[in-house]
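Written out below as structure tokens is the structure these notes cover.
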Amino acid sequence: MKHYICIVVFFISGFVTHLTKASELNCNVEINASKVSNASPETFNALKEALAEYMNTTSFTDAQYSPIEKIECRLYLTINDYTDNKVTGSLQVQSSRPVYGSSYTTTLINLVDNDISFSYTPGDRIIHSTTTIESNLAAILDYFAYLIIAVDSDSFAPKGGDRMYEAAAQIVQLARNTSEKGWRAIDDPKNRASILTAITEGNSSSIRNIYYDYHRKGLDIMSVSPDKGRAAITESLKTLESIASAAPMSPVLTLFRDTKLDELSNIYSKGPSDERKSVYNLLVEIYLTEAKRLESIKE
């Protein structure tokens with residue numbers, strides 16, 4: 001009898017887990033369609049709801065995320081044209097994660113994709129598939145979902161995002177056979193395909209070490225030992241310097257610039273002057289055009 005009860009409890013527990021399995025993401029979606037005058041606001045409201053529902057209900061991995069573990073992210077779609085049910089525009093993608101022992105959240109991804117195009121009619125269902133390209137919209141959303149989860153995972157464990165990068169690479173491999181832009185690295189050194197290649201292959205792939213060292217060994221330690229945390233971040237910047245030396249045009253340098261330069265000014269604001277000057281000199285060599293922006297680090 002006890003054995004039977006255990007089986008029933010296990011079955012119910014598994015059934016409930018299956019029912020409650022949801023997306024890894026807590027994604028806020030915004031749409032700017034101010035440039036479009038040939039469609040009603042209801043069309044883009046429906047699109048916004050469809051994007052948010054897809055990102056917030058699709059399970060992209062087998063991992064179980066509790067509500068407080070969901071990754072905070074944001075999609076900001078700017079629509080430049082909507083003709084014959086075809087949307088073209090740009091998409092800003094942002095994600096962040098909490099810093100241990102504080103109320104602070106740090107940005108992990110902040111990028112803009114200018115190769116956004118997809119067909120959409122109100123009522124269309126966005127279909128998730130890991131083996132086929134159901135639509136370019138689904139492919140774009142899946143790619144960025146996997147990228148967001150991969151970078152977040154890398155920030156908590158060394159090379160923690162392996163499986164998610166592989167899933168993103170599968171999407172790129174399938175989508176490159178379509179006529180849509182953004183999926184062939186040869187077309188643009190900073191498009192979706194190029195970014196993924198830069199993060200996962202060659203000299204610039206050590207950005208993944210930076211994701212872990214900067215966040216887990218650096219920021220997460222600062223609430224306990226600010227000096228130790230800053231030292232780990234400084235070491236991670238030396239890895240960035242190596243990337244810049246080996247691959248000065250790598251898109252990962254742009255990714256890092258757009259997510260971390262302002263944050264670094266705050267991190268080093270209470271550091272010793274020699275440390276601040278050293279970090280400034282290192283970064284200004286990489287980002288010469290950002291010299292004025294970086295001056296606050298050494299001041």
Side-chain angles (χ1 to χ4, degrees), residues 6 8-31 45-77 91-111 113 125-130 134 137-168 171 199 208 211-212 214-224 229 255 259-260 263:
C6 288
V8 172
V9 170
F10 177 81
F11 174 78
I12 294 174
S13 175
F15 182 64
V16 171
T17 298
H18 176 72
L19 286 178
T20 58
K21 191 175 188 301
S23 173
E24 300 80 359
L25 308 177
N26 183 24
C27 187
N28 178 47
V29 177
E30 298 177 49
I31 293 179
N45 288 334
L47 175 59
K48 176 181 176 179
E49 292 177 5
L51 297 182
E53 180 181 7
Y54 185 80
M55 296 296 281
N56 290 317
T57 62
T58 302
S59 296
F60 296 99
T61 74
D62 294 330
Q64 297 289 335
Y65 281 64
S66 69
I68 62 171
E69 292 174 325
K70 286 176 175 284
I71 303 168
E72 297 292 331
C73 58
R74 175 177 178 262
L75 301 182
Y76 187 88
L77 175 64
L91 181 68
Q92 182 177 21
V93 180
Q94 297 175 320
S95 70
S96 62
R97 84 161 179 73
V99 172
Y100 178 79
S102 75
S103 59
Y104 179 69
T105 58
T106 181
T107 302
L108 291 175
I109 294 176
N110 182 24
L111 64 86
D113 187 329
R125 182 181 170 216
I126 308 173
I127 300 173
H128 174 66
S129 174
T130 59
E134 296 293 330
L137 175 57
I140 291 170
L141 295 178
D142 287 349
Y143 168 90
F144 282 116
Y146 285 122
L147 185 65
I148 289 167
I149 300 168
V151 173
D152 186 81
S153 299
D154 274 356
S155 79
F156 284 104
K159 303 296 178 66
D162 279 349
R163 290 181 60 193
M164 280 65 77
Y165 289 119
E166 290 170 3
I171 295 169
I199 293 176
R208 296 186 61 192
Y211 288 145
Y212 177 72
Y214 183 107
H215 297 98
R216 193 71 188 98
K217 295 169 67 175
L219 286 181
D220 285 345
I221 301 300
M222 291 191 71
S223 63
V224 177
L255 291 177
T259 57
K260 296 303 181 185
E263 181 175 75

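All figures in this text were calculated on a predicted structure; none of them were measured in a lab.
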**Q.** Sequence-distant partners of E53, salt bridge (charged side-chain N to carboxylate O under 4.0 Å, His left out), two or more places apart
**A.**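 Not a single residue meets the salt bridge (charged side-chain N to carboxylate O under 4.0 Å, His left out) criterion with E53.
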
Min side-chain heavy-atom separation [X]-[Y] under 4.5 Å:
X: L25; Y: E72; value: no
X: L75; Y: N28; value: no
X: L147; Y: I199; value: yes

Would you find a donor on one side and an acceptor on the other, under 3.5 Å apart, between the side chain of [X] and the backbone of [Y]?
X: T58; Y: F60; result: no
X: S102; Y: Y104; result: yes
X: S96; Y: T107; result: no
X: N56; Y: A52; result: yes
X: Y76; Y: V29; result: no

Q.
Apply side chain to side chain contact (heavy atoms under 4.5 Å, CB included) to residues D142 and Y54 and explain how you reach the verdict.
A. CA-CA 10 Å; D142 287 349; Y54 185 80; 2.5 Å; yes

Under 3.5 Å, which donor-acceptor pairs do the side chains of residues 156-163 form with other protein atoms, sequence neighbours left out?
{"from": "D162", "atom 1": "OD1", "to": "R208", "atom 2": "NH1", "distance (Å)": "2.9"}
{"from": "D162", "atom 1": "OD1", "to": "R208", "atom 2": "NH2", "distance (Å)": "2.8"}

Non-hydrogen atoms of [X] and [Y] that approach each other most closely:
X: M55; Y: C27; value: CB-CB, 3.8 Å
X: S95; Y: I148; value: CB-CG2, 3.8 Å
X: G229; Y: M222; value: CA-CG, 3.8 Å
X: L108; Y: T259; value: O-CG2, 3.7 Å
X: Y143; Y: I171; value: N-CD1, 3.6 Å
X: I109; Y: L111; value: CG2-CD2, 3.8 Å

May I ask you to check whether [X] and [Y] show a side-chain donor-acceptor distance below 3.5 Å?
X: H215; Y: D220; value: no
X: N110; Y: Q92; value: yes
X: T61; Y: E24; value: yes
X: Y214; Y: E263; value: yes
X: S155; Y: R216; value: no

Q) Rounded to the nearest 0.5 Å, how far apart are OH of Y165 and OG of S153? A)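 Atom-to-atom, Y165:OH and S153:OG are 8.0 Å apart.
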
Q.
Applying ring pair (Phe, Tyr, Trp, His ring centres under 6.0 Å), can you list everything that pairs with Y211, at least two apart in sequence or on another chain?
A. none

**Q.** Worked check of salt bridge (charged side-chain N to carboxylate O under 4.0 Å, His left out) between K48 and E30
**A.** CA-CA 7 Å; K48 176 181 176 179; E30 298 177 49; over 6 Å; no

Q: Go through the steps to decide whether I71 and N26 satisfy the test side chain to side chain contact (heavy atoms under 4.5 Å, CB included), and finish with yes or no.
A: CA-CA 6 Å; I71 303 168; N26 183 24; over 6 Å; no

**Q.** Check against side chain to side chain contact (heavy atoms under 4.5 Å, CB included), F144 and D113
**A.** CA-CA 10 Å; F144 282 116; D113 187 329; 3.5 Å; yes

Q: Give the C-alpha distance, both sets of side-chain angles, the deciding distance and a yes or no for side chain to side chain contact (heavy atoms under 4.5 Å, CB included) between L51 and L137.
A: CA-CA 9 Å; L51 297 182; L137 175 57; 3.8 Å; yes

